[in-house]
J.: 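Provided herewith is a single structure, encoded as structure tokens, for subsequent inquiry.
None of the values given here were measured: they were computed from a predicted structure. Order of the sequence lines fixes the chain letters, A, B, ..., with proteins taken first and strands second; residue numbering starts at 1 for each chain. Hydrogens, waters and symmetry mates play no part in the numbers below; they use all other heavy atoms, side chains included.
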Amino acid sequence: MSTILQALRGMNDILPDEAERWEAYEFVLAAWAKSYGYRPLRTPLVEPTALFRRAIGEVTDIVEKEMYSFTDQLNGDHVSLRPEGTASCVRAVLQHNLLYDGPKRLYYHGPMFRHERPQKGRYRQFHQFGVEALGWLGPDVDAEHILMCARLWEELGIEDLRLEINSLGSAEERAQHRHALLAYFESHAGQLDQDASRRLHSNPLRILDSKNPDMQTLIRGAPMLIDHLGPDSKAHFDAVRGLLTEAGIQATVNSRLVRGLDYYNRTVFEWVSDRLGAQGTVCAGGRYDGLIAQLGGKPAPACGFAIGLERLMALVEDHPPAPTSTEVYVIHQGDEAATVAFAVADEMRRVGMSVILNCGGGSLKTQMRRADASGAVLAVIVGEDELRSGEVTLKPLRAQGEQWRTSRTDYIEQVAELLLGQNEDEQLEDENGRTGS
RNA sequence: GUGGCGGUAGCUCAGAGGUAGAGUCCCGGAUUGUGAUUCCGGUCGUCGUGGGUUCGAAUCCCAUCCGCCACCCCA
């Protein structure tokens, strides 16, 4: 063991059983995003460190202590593995001037990197599916994002996510509130715990989020951000909530909901599960109207959110999508038959069947066992007898019925028929299963 | 990053100073070309790693790595 190198801490291999689930989810999520008019964007995993420092904020935990940052040995560039997707997305949009002909709906997915202490649902390399709408002022887009999440949970059969939403107001309103907050906490400095004292000047908003029971009274008395919202921000927030109510989506306003990235303003939201322990946030996002200008673009509003794929998939572990299975397993005996079997497998694959050709020899019994274990619907046997008569043997492995021999010129049609019949049976079973439960 | 718990066969786990085990999986066989079940046989481990204590360590001690839980924070 000691001589075998391991994956880095908090970075996981996704083995075939799980990887099949991943592919299924990636497919479902991409189709979902597309159905709302979002288009894919792929950006590099490595970006200039400055991008994240400017976008996420210098004093955030992510930038201060969680980024994989290093110096490119060859040219001295300061680069970082991306800790989230929005910064890269905005960078790409600006670099290629994608907003030149109007607003854009975009989605992305892939690995993100944060150097945190791993736990279940929290990894150093984790995966997000992100959705961004750039160029719309809202509140319709804000509501669209929350709505599409709700519909996705329905589609995936997740029923216990609760929605928390808040408004952070504009940058000016936040600054005002920060002032009031600072004054309040400074006048009660004696009641602040260690964490709160530390955050007092770096990020006083975060004090509101403290879980320390001794702090709750103090926090309840603190100035509320929502009371510092101007008429525009208030109208925006009300409009978002109105649209959600119209759509029948229940949201809890959590005035202490604060996102960990500096770029957020106005609407922020989180979908939270109680089944994931301390890592309950499955999906979160909000509006970031200032970021585009902050990164040097022509000012434009935007909002977006990201889903943590590990967390999402942990919620539906009990109902994994069925993996696609092999249809045909080709068995053969003897050198000459091996050549024929090779060609037979190739022929079937070229008409679209998924075929495993037995490799590595083995007795007929052994090969039959492998065929059974492969999940194939049908075994095609090429033995010495078949070779002499120019035939193959077809043996159904799942359905009733005996094996039979057929000529090598027309066996494919019979295989196709058999597979078709099998698929119909499965669909029937599927439907019965669904209506029956 | 802080604190707590854990790591024994590919997998699930028992063993708590005295010869490393069970189930499962995998492999081979049960009269020569056929899957499940059953029966028989077999492989598998530096007991996470490295030190220390001891006549003797999977077992006790220290360090370290990895995982889990809480904090911090977040998807």
J.: Could you state the atom-to-atom distance from CD of E116(A) to P of G67(B) in whole Å?
T.: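 The distance from CD of E116(A) to P of G67(B) comes to 13 Å, rounded to the nearest Å.
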J.: Quick one: list whatever passes side chain to side chain contact (heavy atoms under 4.5 Å, CB included) with K120(A), sequence neighbours left out.
T.: Y123(A)
J.: Applying side chain to side chain contact (heavy atoms under 4.5 Å, CB included), can you list everything that pairs with N358(A), at least two apart in sequence or on another chain?
T.: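 Only Y329(A), H332(A), Q367(A), R370(A) meet the side chain to side chain contact (heavy atoms under 4.5 Å, CB included) criterion with N358(A).
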J.: Any donor-acceptor pair under 3.5 Å between the side chain of Q279(A) and the base of A70(B)?
T.: no
J.: Using the P atom as the point on both nucleotides, what is the distance between C74(B) and U59(B), in whole Å?
T.: 41 Å
J.: Would you list the protein and nucleotides 4-11 of chain B atom pairs, both N or O, that sit under 3.5 Å from each other?
T.:
none

J.: What residues, two or more places apart in sequence or in another chain, satisfy ring pair (Phe, Tyr, Trp, His ring centres under 6.0 Å) together with Y107(A)?
T.: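 Scan of Y107(A) (ring pair (Phe, Tyr, Trp, His ring centres under 6.0 Å), adjacent residues dropped) gives F129(A).
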J.: Does any residue of residues 355-374 of chain A have a heavy atom under 4.0 Å from RNA chain B, and if so, which ones, in number order?
T.: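 Going residue by residue through residues 355-374 of chain A, the ones with a heavy atom under 4.0 Å of RNA chain B turn out to be L364(A), K365(A), T366(A), M368(A), R369(A), D372(A).
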J.: Does atom CZ of F70(A) have more than 12 heavy-atom neighbours, drawn from other residues, nucleotides or ligands, at distances under 6.0 Å?
T.: yes
J.: Keeping to residues at least two apart or across chains, list the side chain to side chain donor-acceptor pair (under 3.5 Å) pairs with something in residues 333-343 of chain A.
T.: none
J.: For E270(A), answer base if it contacts any base atom (sugar-phosphate contacts may also be present), sugar-phosphate if it contacts only those atoms, and nothing otherwise; contact means non-hydrogen atoms under 4.0 Å.
T.: nothing
J.: State which residues pass salt bridge (Lys or Arg N to Asp or Glu O under 4.0 Å) with E84(A); sequence neighbours excluded, sorted by chain then number.
T.: none
J.: Run the side-chain hydrogen bond (donor to acceptor under 3.5 Å, both in side chains) test against H127(A) and tell me which residues pass, sequence neighbours left out.
T.: E310(A)
J.: Need one value for G121(A): base, sugar-phosphate or nothing, where a base atom within 4.0 Å counts as base even if backbone is also close, heavy atoms only.
T.: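 It contacts base atoms.
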J.: What integer distance in Å separates K65(A):NZ from C74(B):C1'?
T.: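 Rounding to the nearest Å, NZ of K65(A) and C1' of C74(B) are 12 Å apart.
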J.: State plainly whether the residues E386(A) and R388(A) are in salt-bridge range, i.e. N to O under 4.0 Å.
T.: no
J.: Classify the nucleic acid contact of G10(A) as base, sugar-phosphate or nothing, counting any heavy atom under 4.0 Å across all strands shown.
T.: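 Result for G10(A) = sugar-phosphate.
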J.: Applying salt bridge (Lys or Arg N to Asp or Glu O under 4.0 Å), name anything that partners R53(A), two or more places apart in sequence or on another chain.
T.: E58(A)
J.: Over all strands shown, is I331(A) touching base, sugar-phosphate only, or nothing at heavy-atom distances under 4.0 angstrom?
T.: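 If one applies the 4.0 Å heavy-atom cut-off, I331(A) turns out to touch nothing in the nucleic acid.
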J.: Check whether F237(A) forms a cation-pi arrangement with R241(A) (NZ or CZ under 6.0 Å from the six-membered ring centre, at most 45° off the ring normal).
T.: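 So R241(A) does make the cation-pi contact.
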J.: Check if the side chain of R122(A) and the base of C68(B) share a donor-acceptor pair of N or O atoms closer than 3.5 Å.
T.: no
J.: Assign Y123(A) to base, sugar-phosphate, or nothing according to its heavy-atom contacts below 4.0 angstrom with the strands shown.
T.: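 Here Y123(A) touches the bases of the nucleic acid.
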J.: Tell me every residue that passes ring pair (Phe, Tyr, Trp, His ring centres under 6.0 Å) with W136(A), counting only those two or more places apart in sequence or in another chain.
T.: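 Here no residue qualifies.
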J.: Select base, sugar-phosphate, or nothing to describe what P111(A) touches, counting heavy atoms under 4.0 Å on all strands.
T.: nothing
J.: When all nucleic acid strands are considered with a 4.0 Å heavy-atom cut-off, which category describes E386(A): base, sugar-phosphate, or nothing?
T.: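 Base contact.
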J.: Which one, C69(B), U34(B), C74(B), comes nearest to the side chain of R311(A)?
T.: C74(B)
J.: For T49(A), what residues pass the side-chain hydrogen bond (donor to acceptor under 3.5 Å, both in side chains) criterion, not counting sequence neighbours?
T.: S80(A)
J.: For nucleotides 37-41 of chain B, print each protein N/O atom paired with a nucleotide N/O atom at under 3.5 Å, atom names and distance only.
T.:
none

